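On a predicted model such as this, the values are computed, not experimentally measured, just so you know.
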Amino acid sequence: MGCTFGQVVFGRVAILAVLAAALASPAVAATQARKDAAAATRGINQALIAGRLDADAAGQYRASVSRALATWNRLPGDRASNLAGALHDAAALANRYDGPRALTLFTALDANAGYLGTKAAPRSALDISDDDGVVYRWFPGHGFQFHPLANASKLSNLAPAFDAAPAASLAVALLDRAEATANGGLAWDYLFPFGGGRPPWTSGMAQAAFAQAYSRVATNLDDPTYLDTAAHAFTAARALTRELPVGPWVRLYSFSSLTVLNAQLQTALSIAEYARTSGDATAALFADKLMSSAAAMLPQFDTGSWSLYSLGGTEASLHYHSYVVDLLNRLSQLDDRPEWPEYAALFGDDLTTPPDVTPVSAVKVVYPLPRAGFRDQASVTFQLSKTAAVRLAVAGERRPYTLRPGRHTLTWDPGARPVQAYAATLVATDIAGNTAEVPVGPFEVRRDTTPPDVSATIAGGRVSWTATDDETPWVHLRVRFSNGAGSKTDDLGKRRLTGSANVPVPAGRWGATLLAGDSTGNTAAVPLGYVEKNTSSAP
């Protein structure tokens, strides 16, 4: 859920996870939506009795619930399920309504009813705003939700604008939605479940962004009272960090200890700007500590070909990798630590460097007909340096596989293709669009026409053999007994290339031959000499 700052611009990004989907069935949806409406209304009434809401606000919010339920009753499909999801999220916090939280929840519910009441549910990421400019972001199954980081972004970008009215309006509206924290700070909560976190939850990065945004508002609207708001946001941000051996690291999610690189870099920049604007020495020192921690940890986020999103986690998406490069370049202009330009250059080069594809081994000669389960398919095993769409280009094959860094094997089944050599190339395209092509062929399709090389003996009714054949994993053995009276054959079935087996020798004297067929049907005949079984009894 991180965002991008351009000129400290938090851009809208793709949703990181698809949250709860549509409700299970119309009957369940109807029951749940009405239960949620009743629970939300009870919560409003209880908050009014407890003095956490005044009568006017309580009346407005009850109207919001009634309006949402009436709208839901006439909506089809995913429009209804997403509005029900937003109502459910509001009801889930019914026992925790106070002025800021209820305002946030029920204006979001109004935004959902207004949008979904007239428009189809979005199929991709979308932000909408209300009359005050407050931003609501789309999350499938939950509808539009108040999004603190998106709002801090918008406020940051409105503050320097020529027309001060929108910035002033949004600054007031967002301040009305801030919750006082136990340590004297102000925090803007996320009020929907995400990534295993239960609402309300907060983000240290978002609080730092609000400190930055309100410091801009104070400067550009020439209203120093907003510096107090910025200071309270900084207090909340500082509380949302944890200590690593190298120093403090911001919690992107209050419910998680995930060590996220972009969140740390952006938080350091945000607090540093707040400190410069306000003259807050404590904030300046804390920003310096955040930078020191980030600089010390940068090598652990470098795979050698790309950056990691979080420590010990997977590679960053193209968006977040590019975002980190931008943040490092901005830090280079602000701070003289050598790590910033060094890793800005390294990660920047990753954006234009094709993946490294190193073949390790290959099966290049195959005998696909008949299909014996042995050497039917060609394959290549290789090392991949970074996430890429990889395909084995051979005989028109174009299917790509999205693979992460590490060792992988791709196979090619020639089927009934003609006997010949086929050029083969590994083609790997990383998420930035850089492509590497590595020849790994040719792959040869052959037909096996050579019988196995077999040596064998028979003694005491037991035959022993050793077969050599690179094109077969087994031999089909038969022992044929012949004399002037005719012949008899014992079928020993499929056997390993080396072994022994008992053979029932018929009565009399026989010439014995071992017939050894490979998986293609090529058969070698190995004379075993004469065997004799005497069944006569003594007189």
Considering residues at least two apart in sequence or located in another chain, which fulfil the side chain to side chain donor-acceptor pair (under 3.5 Å) criterion with [X]?
X: Arg398; value: none
X: Thr219; value: none
X: Ser292; value: Arg337
X: Thr104; value: none

Rounded distance [0.5 Å steps], [atom1] in [X] versus [atom2] in [Y]:
X: Arg330; Y: Asp335; atom1: CZ; atom2: CG; answer: 13.0 Å
X: Phe146; Y: Leu191; atom1: CZ; atom2: CG; answer: 8.0 Å
X: Leu351; Y: Ile431; atom1: CG; atom2: CD1; answer: 8.5 Å
X: Leu109; Y: Asp89; atom1: CG; atom2: CG; answer: 10.0 Å
X: Arg242; Y: Ser257; atom1: CZ; atom2: OG; answer: 4.5 Å
X: His142; Y: Asn112; atom1: NE2; atom2: CG; answer: 11.5 Å

Within-4.5 Å side-chain heavy-atom neighbours: [X] and [Y]:
X: Met205; Y: Val260; result: no
X: Asp176; Y: Pro100; result: no
X: Val438; Y: Phe382; result: no
X: Leu298; Y: Gln264; result: no
X: Tyr214; Y: Leu174; result: yes
X: Ser203; Y: Ser254; result: no
X: Leu261; Y: Gln300; result: no
X: Pro248; Y: Leu290; result: yes

Determine, step by step, whether Tyr401 and His408 satisfy the side chain to side chain contact (heavy atoms under 4.5 Å, CB included) criterion, reporting the C-alpha distance in whole Å, the side-chain angles of both residues, the deciding distance to 0.1 Å, and the verdict.
CA-CA 11 Å; Tyr401 298 87; His408 303 278; over 6 Å; no

Does a side-chain N-to-carboxylate-O contact under 4.0 Å join Glu315 and Arg404?
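Answer for the salt bridge query: no.
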
Any sub-3.5 Å donor-acceptor pair from [X]'s side-chain atoms to [Y]'s backbone N or O?
X: Trp72; Y: Ser81; result: no
X: Ser322; Y: Leu318; result: yes
X: Arg391; Y: Val427; result: no
X: Ser156; Y: Ser153; result: no
X: Asn82; Y: Gly141; result: yes

Modelled atom types, side-chain donor and acceptor of Arg62 and Asn45, under 3.5 Å:
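Asn45 and Arg62 do have a side-chain donor-acceptor pair below 3.5 Å.
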
Using only heavy-atom distances, determine whether the side chains of Asn151 and Trp188 contain a donor-acceptor pair under 3.5 Å.
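Checked: Asn151/Trp188 side chains show no N/O donor-acceptor pair below 3.5 Å.
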
Taking every non-hydrogen atom, the tightest pair across [X] and [Y]:
X: Leu158; Y: Leu170; value: CD1-CD2, 3.7 Å
X: Ala344; Y: Asn329; value: CB-OD1, 3.3 Å
X: Ser129; Y: Lys154; value: OG-NZ, 3.0 Å
X: Ala150; Y: Asp127; value: CB-OD2, 4.4 Å
X: Leu75; Y: Gly117; value: CD2-CA, 4.0 Å
X: Val325; Y: Gly348; value: CG2-N, 3.8 Å

Just to verify, what does [X] make a side-chain contact (heavy atoms from CB on, under 4.5 Å) with, not counting sequence neighbours?
X: Pro122; value: Tyr115, Leu126, Trp138, Phe144
X: Glu342; value: Leu346
X: Ala428; value: Pro355, Val357, Leu384, Ala388, Val390
X: Asp130; value: Asp132, Val134, Tyr136, Arg177

With sequence neighbours excluded, what pairs up with Asp430 under the salt bridge (charged side-chain N to carboxylate O under 4.0 Å, His left out) test?
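Listed in chain order: Lys386.
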
Among residues at least two apart in sequence or on other chains, which ones pass salt bridge (charged side-chain N to carboxylate O under 4.0 Å, His left out) with Arg74?
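Not a single residue meets the salt bridge (charged side-chain N to carboxylate O under 4.0 Å, His left out) criterion with Arg74.
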
Could you go through the side chain to side chain contact (heavy atoms under 4.5 Å, CB included) check for Leu116 and Thr71 one step at a time?
CA-CA 9 Å; Leu116 294 170; Thr71 302; 6.0 Å; no

Contacts table for residues 229-240: side-chain donor-acceptor under 3.5 angstrom, sequence neighbours left out:
residue	atom	partner	partner atom	Å
His232	ND1	Gly184	O	2.9
Thr235	OG1	Ala231	O	3.1

Stepwise side chain to side chain contact (heavy atoms under 4.5 Å, CB included) test for Arg216 and Thr277
CA-CA 8 Å; Arg216 286 189 175 188; Thr277 301; over 6 Å; no

Report, one line per pair, each donor and acceptor closer than 3.5 Å where one atom sits in a side chain of residues 46-60; sequence neighbours left out.
residue	atom	partner	partner atom	Å
Arg52	NE	Tyr97	O	2.5
Asp54	OD1	Asp56	N	3.2
Asp54	OD1	Ala57	N	2.7

Under the side chain to side chain donor-acceptor pair (under 3.5 Å) rule, what do Thr358 and Gln383 come out as? Steps first, then yes or no, please.
CA-CA 5 Å; Thr358 306; Gln383 285 287 143; over 6 Å; no

Using the ring pair (Phe, Tyr, Trp, His ring centres under 6.0 Å) rule, take His147 and Tyr190 through it: C-alpha gap first, then chi angles, then the decisive distance, then the call.
CA-CA 7 Å; His147 196 277; Tyr190 289 84; 5.3 Å; yes

For the residue pair Trp306 and His321, does the interplanar ring angle fall in the parallel (under 30°), tilted (30 to 60°) or perpendicular (over 60°) class?
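The arrangement is parallel - the two ring planes meet at less than 30°.
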
For the residue pair Tyr343 and Phe347, does the interplanar ring angle fall in the parallel (under 30°), tilted (30 to 60°) or perpendicular (over 60°) class?
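Tilted: the ring planes of Tyr343 and Phe347 meet at 30° to 60°.
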
Would you sort out whether Ser270 and Gln266 count as a side chain to side chain donor-acceptor pair (under 3.5 Å), showing the intermediate values?
CA-CA 6 Å; Ser270 294; Gln266 181 59 73; 3.2 Å; yes

Quick one: do Leu186 and Phe210 satisfy side chain to side chain contact (heavy atoms under 4.5 Å, CB included)? Show the steps, please.
CA-CA 9 Å; Leu186 283 176; Phe210 275 111; over 6 Å; no

